[in-house]
Amino acid sequence: MARNSLESRLMEQSDMIMQLNKMILSLQQTIEGFNAKEAAMLQEIQTLKEQNDYLTKKLFGKSSEKNSWDMDGQLNLFNEAEQEQDTALLEEEQEETKTVTFTVKKGRSADKDRYAGLPVEKKYLDVPEGERFCPDCESPLLEIGETFVRRELKFKPASFKVVEYYSKNYKCPKCSPNLKTPVIVQGKDGRAHMLHGMASASTVAWVMYQKYVNAMPLYRIERDFKQYGVNITRATLANWVIQNTDRFFSPLYDYLHKLLLQRVFIMADETVIQVLHEEGRRPESKSYMWIFRSGEDGQEPIILYKYSPTRAGETAADFLDDFSGYIMCDGYSGYNKLKKAKRTTCWSHVRRYLLDAIPKGKKMDYTLPAVQGAMYVDKLFHLEKEIKKKDKNDYESIKEARLEKEVPVLEGFWSWFEKQHAVKGSRMEKALTYIQNRRSDMMTYLEDGRCSFCNNLSEIEVKPVALGRKNYLFSDTTAGADSSAVIYSLVETAKANGLNMYHYLWYLLEELPQTVLSEEAFEKYLPWNPEVKTALEEKAQKLLED
């Protein structure tokens, strides 16, 4: 009986132990589950914090992309020799040799350099005629020369005037009395700039200059005109812009487009604009202004804008029309529609993704992978600057220098890249994914010294559109957006070729005929034509005389 009782108790305890083990296992699994959830929540919090820091930096941080990685007390990935040397020996050498560094302050520009393009008028401070006698003997004074006193910069404000044209009439005094219809000869009228309205070429050019160069909306131009006694509505100003663009500028724009397609190196970008009245679309819909410009090939720069209601890659494919050269662009997949073109990826975008992955306040923490990757890219930018400074337009030398100096850095970058494993959803993962998807295109620039290393030049051409978008907010119609693209193209191409943009618009409006021109005739009006530059200088001098 006792034996059975003992066995019964043992069995009960054995069952209890098994239940306790199951309970322990269940609790362990529960704890592990909670730990996993806690880790996931902590990671999500970290990701959200990282995202918040990123958005805060975008909203309130500095826009400059300049950076300095070398600071006192910090190591540098590219100073391996300095890191490996004996620090004690280095301290002894520093005691023996002290280097004094002098900072040379940049000299102030002289007035003659700052205003080199302006005409100079001499104004003499003369002695009144009644005082041109010697105070001692009262003999007449003789002029012996002149002395420089001071220099002033004077501004002549804009002004308007109405010019009325009259034709002078002449008749024959002998024949007229004997004829029913007298012989009368009238002075012939020159070509009126616009068949309807009073706008002259200079006035229309000024409206275009104010809007597309100074980013002034039409309502401000309308208000400014009233200050000079001219009451013209903004609707009339808009009609001037659109009509003159269609009549005079569009054919020249098409010719520049043809010249651009003959190039081997092209750069591209796009930015958002808004058009209120687009057929089949809401006013809030996003439209796009595309930028296509010539590359860094040493030829005359051509910068063209193209309006499109969408960001679809067909816009680039249609505009570039089977282009088969090199195209520098960002990582947007729409450019994959260019089947014959060879893409080169912008290293500035790679750098931005890596900088965005650096946690707040950790920019100088060299143990962070994002900092290390950004330093590799900065080293490449530094080498690019030095190579182009030395070789300039010797593109074969640029190619050889890239292969010699930049390839080792690239090999180190890719070796670093292969070792990286980022947390899912983090900014670093996005940076690594961006790099992985564009790995082959990032190396294309090594094939030719004329290939661009980054897309900064075309991004600079986005700024005029972005500045205008902040001021006049939108285009009313697609016709206005198309006209904006054409005018932006002409003023930015003129600027890139060193011309006065207002004078160039004025010159084109006066000189371009409204008839179809041959390709040879269009060459006369291109912004790099020496005759155009001479004509603009004469126009500027005429303005000063008037």
Side-chain angles (χ1 to χ4, degrees), residues 104-166 190 193 198-216 220-232 237 490-492 494-511 525 527-546:
V104 180
K105 186 177 180 181
K106 185 178 180 181
R108 181 180 176 183
S109 300
D111 288 343
K112 64 179 181 180
D113 297 326
R114 288 183 289 176
Y115 312 124
L118 298 180
V120 177
E121 174 188 352
K122 282 189 175 183
K123 187 172 184 179
Y124 290 96
L125 307 174
D126 208 345
V127 179
E129 290 186 6
E131 299 179 10
R132 298 178 188 175
F133 297 94
C134 177
D136 295 330
C137 66
E138 297 185 355
S139 299
L141 298 178
L142 299 176
E143 184 178 346
I144 59 173
E146 60 187 43
T147 302
F148 174 77
V149 179
R150 57 190 169 89
R151 183 180 285 113
E152 288 182 344
L153 178 66
K154 290 198 173 183
F155 170 69
K156 181 180 180 181
S159 60
F160 289 92
K161 65 180 178 181
V162 176
V163 179
E164 296 180 343
Y165 292 87
Y166 294 87
H193 181 68
M198 293 174 55
S200 66
S202 61
T203 304
V204 175
W206 183 251
V207 173
M208 293 178 174
Y209 176 80
Q210 289 290 75
K211 180 173 182 179
Y212 296 102
V213 177
N214 294 334
M216 285 182 63
R220 290 187 191 171
I221 301 175
E222 175 188 10
R223 188 171 59 191
D224 189 49
F225 274 26
K226 287 182 179 179
Q227 297 294 315
Y228 298 100
V230 179
N231 292 303
I232 299 177
L237 298 177
L490 294 181
V491 297
E492 292 301 318
K495 178 182 177 182
N497 284 277
L499 297 184
N500 181 298
M501 292 173 278
Y502 167 60
H503 292 165
Y504 185 59
L505 291 175
W506 184 2
Y507 170 79
L508 293 179
L509 290 173
E510 281 192 334
E511 300 296 331
Y525 303 100
W528 52 82
N529 190 321
E531 295 180 4
V532 172
K533 295 185 178 182
T534 302
L536 297 192
E537 290 173 359
E538 293 175 355
K539 188 174 289 294
Q541 185 62 37
K542 183 180 178 181
L543 275 176
L544 292 171
E545 294 173 355
D546 293 343

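For the numbers below, each heavy atom of this structure counts, side chains included, while hydrogens, waters and symmetry mates do not. Heads up: numbering here begins at 1 and tracks the sequence.
Between the side chain of Y525 and the backbone N or O of V532, no donor-acceptor pair lies under 3.5 Å.
Atoms CD and CG, on E146 and L125 in that order, are 11.0 Å from each other to the nearest 0.5 Å. In this structure, the separation between OH on Y502 and CD on Q210 is 9.5 Å, given to the nearest 0.5 Å.
Residues satisfying the side chain to side chain contact (heavy atoms under 4.5 Å, CB included) test with K211, not counting sequence neighbours, are L218, I221, Y472. Residues that satisfy the side chain to side chain contact (heavy atoms under 4.5 Å, CB included) test with F133, not counting sequence neighbours, are P140. For A535, the side chain to side chain contact (heavy atoms under 4.5 Å, CB included) partners are Y507, not counting sequence neighbours. Shown here are the side chain to side chain donor-acceptor pair (under 3.5 Å) partners of N529, two or more places apart in sequence or in another chain: there are none. Remark: Y212 pairs with S484 by the side chain to side chain donor-acceptor pair (under 3.5 Å) rule, at least two apart or across chains.
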### Query
What do the steps show when you test V491 against Y504 for side-chain contact (heavy atoms from CB on, under 4.5 Å), and what is the final call?
CA-CA 8 Å; V491 297; Y504 185 59; over 6 Å; no
### Query
So F225 and L237, side-chain contact (heavy atoms from CB on, under 4.5 Å) or not? Walk me through it.
CA-CA 11 Å; F225 274 26; L237 298 177; 4.1 Å; yes
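For the pair Y209/W506, no side-chain contact is recorded, criterion being any heavy-atom separation below 4.5 Å from C-beta on. Under the 4.5 Å side-chain criterion, counting only non-hydrogen atoms from C-beta, K226 is in contact with N231.
Considering every non-hydrogen atom in both V204 and A199, the closest pair reads CG2-CB, 3.8 Å. The shortest non-hydrogen separation linking L499 to P527 is CD1-O, 3.3 Å. Minimum interatomic distance between L509 and A201 (heavy atoms only, all atoms of both residues): CD1-O, 3.5 Å.
Residue pairs that meet the salt bridge (Lys or Arg N to Asp or Glu O under 4.0 Å) test with at least one member in residues 125-134, sequence neighbours left out, are D126-R132.
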